[in-house]
Every structure is written in structure tokens, then in C-alpha cells.
Amino acid sequence: MDDEVMAALVSVLETLWRIEAEQPGKPCSLAKLSKQAQRPMSVLRRQLLMLADADWIELRLDEGGITGSVRLSAGGLQLGRELFG
């Protein structure tokens with residue numbers, strides 16, 4: 001994975017970390033995350049799939065994959081504490 005991709009993934013994790021601090025334990029809608037992370041939905045979904053594969057987030061996509069929710073997993077929370085806490 002190149003540095004640019006890694007930086008983009010860390011940026012999404014940081015945004016999720018801030019959202020978690022505002023609303024602990026609550027999932028975030030993909031629309032809200034897209035807006036706060038300033039990413040088009042198509043790019044965000046690809047990045048979220050990578051983060052889900054790494055077990056750093058819990059991703060739930062509704063039928064069709066257009067809408068859904070996401071939140072940091074236990075591993076993502078631990079990583080967030082190490083990186084941003």
C-alpha cells in the first residue's frame with residue numbers, strides 16, 4: 001500500500017475518531033462521514049472496505065450498497081487511541 005493510500009485511510013479513521021468522541025458508541029451514516037471526511041461516496045466506500053478488511057471498522061451497507069452506517073471496531077478504537085488520543 002503506498003503512502004498516499006495510507007494517508008487517506010488514516011484521515012478517514014481520524015474523522016471516525018472525532019465522530020466517536022461526539023457520539024460514543026453510535027454508528028455514523030455514510031452520508032455524514034462522506035461530508036465530514038470530504039470524500040465522494042464512491043471513494044469513501046472503497047476506503048471503508050479496506051478498513052473493514054483490516055477489522056478497524058464495523059461497516060453495514062444497506063441493500064444496494066448506497067446507504068449504510070459505520071463505526072470504529074474495538075481494534076479501530078485501540079488504534080485511534082494510539083494515533084489520535
Side-chain angles (χ1 to χ4, degrees):
M1 188 174 310
D2 69 23
D3 291 343
E4 188 175 321
V5 172
M6 186 57 79
L9 295 177
V10 169
S11 176
V12 171
L13 284 172
E14 184 175 17
T15 302
L16 282 168
W17 179 256
R18 284 195 314 267
I19 291 169
E20 173 69 23
E22 294 169 4
Q23 299 179 342
K26 289 189 174 184
C28 172
S29 73
L30 296 185
K32 178 178 179 175
L33 180 59
S34 176
K35 184 175 181 177
Q36 288 197 15
Q38 299 178 350
R39 292 208 171 34
M41 190 65 75
S42 59
V43 172
L44 180 63
R45 279 196 305 271
R46 283 192 301 273
Q47 292 170 339
L48 290 174
L49 289 174
M50 286 188 255
L51 294 170
D53 285 345
D55 291 324
W56 290 334
I57 64 165
E58 296 173 5
L59 177 63
R60 186 184 59 81
L61 295 175
D62 295 333
E63 192 171 319
I66 306 253
T67 61
S69 63
V70 61
R71 68 183 193 181
L72 292 171
S73 66
L77 289 168
Q78 178 61 35
L79 180 63
R81 282 189 287 278
E82 293 170 15
L83 294 175
F84 317 117

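Numbering starts at 1 and runs along the sequence shown.
Annotation: the span from Ile19 atom CD1 to Glu14 atom CD amounts to 11.0 Å, rounded to 0.5 Å. From Leu79, atom CG reaches atom CD1 of Ile57 across 12.0 Å, with rounding to the nearest 0.5 Å. One finds the OG atom of Ser69 at 8.5 Å from the CG atom of Leu61 (value rounded to the nearest 0.5 Å).
Under the side-chain contact (heavy atoms from CB on, under 4.5 Å) criterion, Asp2 pairs with Glu4, Val5, not counting sequence neighbours. Applying the salt bridge (Lys or Arg N to Asp or Glu O under 4.0 Å) criterion to Asp53, with sequence neighbours excluded, gives no partner residue. Under the side-chain hydrogen bond (donor to acceptor under 3.5 Å, both in side chains) criterion, Asp62 pairs with Arg60, Thr67, not counting sequence neighbours. Partners of Arg18 by salt bridge (Lys or Arg N to Asp or Glu O under 4.0 Å), not counting sequence neighbours: none found. Residues satisfying the salt bridge (Lys or Arg N to Asp or Glu O under 4.0 Å) test with Arg45, not counting sequence neighbours, are none. Annotation: side-chain hydrogen bond (donor to acceptor under 3.5 Å, both in side chains) contacts of Glu20 (sequence neighbours excluded): none. Partners of Glu58 according to the salt bridge (Lys or Arg N to Asp or Glu O under 4.0 Å) rule, which considers only residues two or more places apart in sequence or in another chain, are Arg71.
Counting only residues at least two apart or on different chains, no salt bridge (charged side-chain N to carboxylate O under 4.0 Å, His left out) pair has a member in residues 73-85.
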Per-pair distances, 0.1 Å, donor-acceptor, side chain in residues 27-40, under 3.5 Å, sequence neighbours excluded:
residue, atom, partner, partner atom, Å
Ser29, OG, Lys32, N, 3.0
Ser34, OG, Arg39, O, 2.5
Arg39, NE, Gln47, OE1, 2.9
Arg39, NH1, Ala37, O, 2.8
Arg39, NH2, Ala8, O, 3.3

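Across Leu13 and Trp56, no two heavy atoms sit closer than the pair CD1-CE3, 4.0 Å.
There is no path of hydrophobic side-chain contacts, each under 4.5 Å, that joins Leu16 to Val43.
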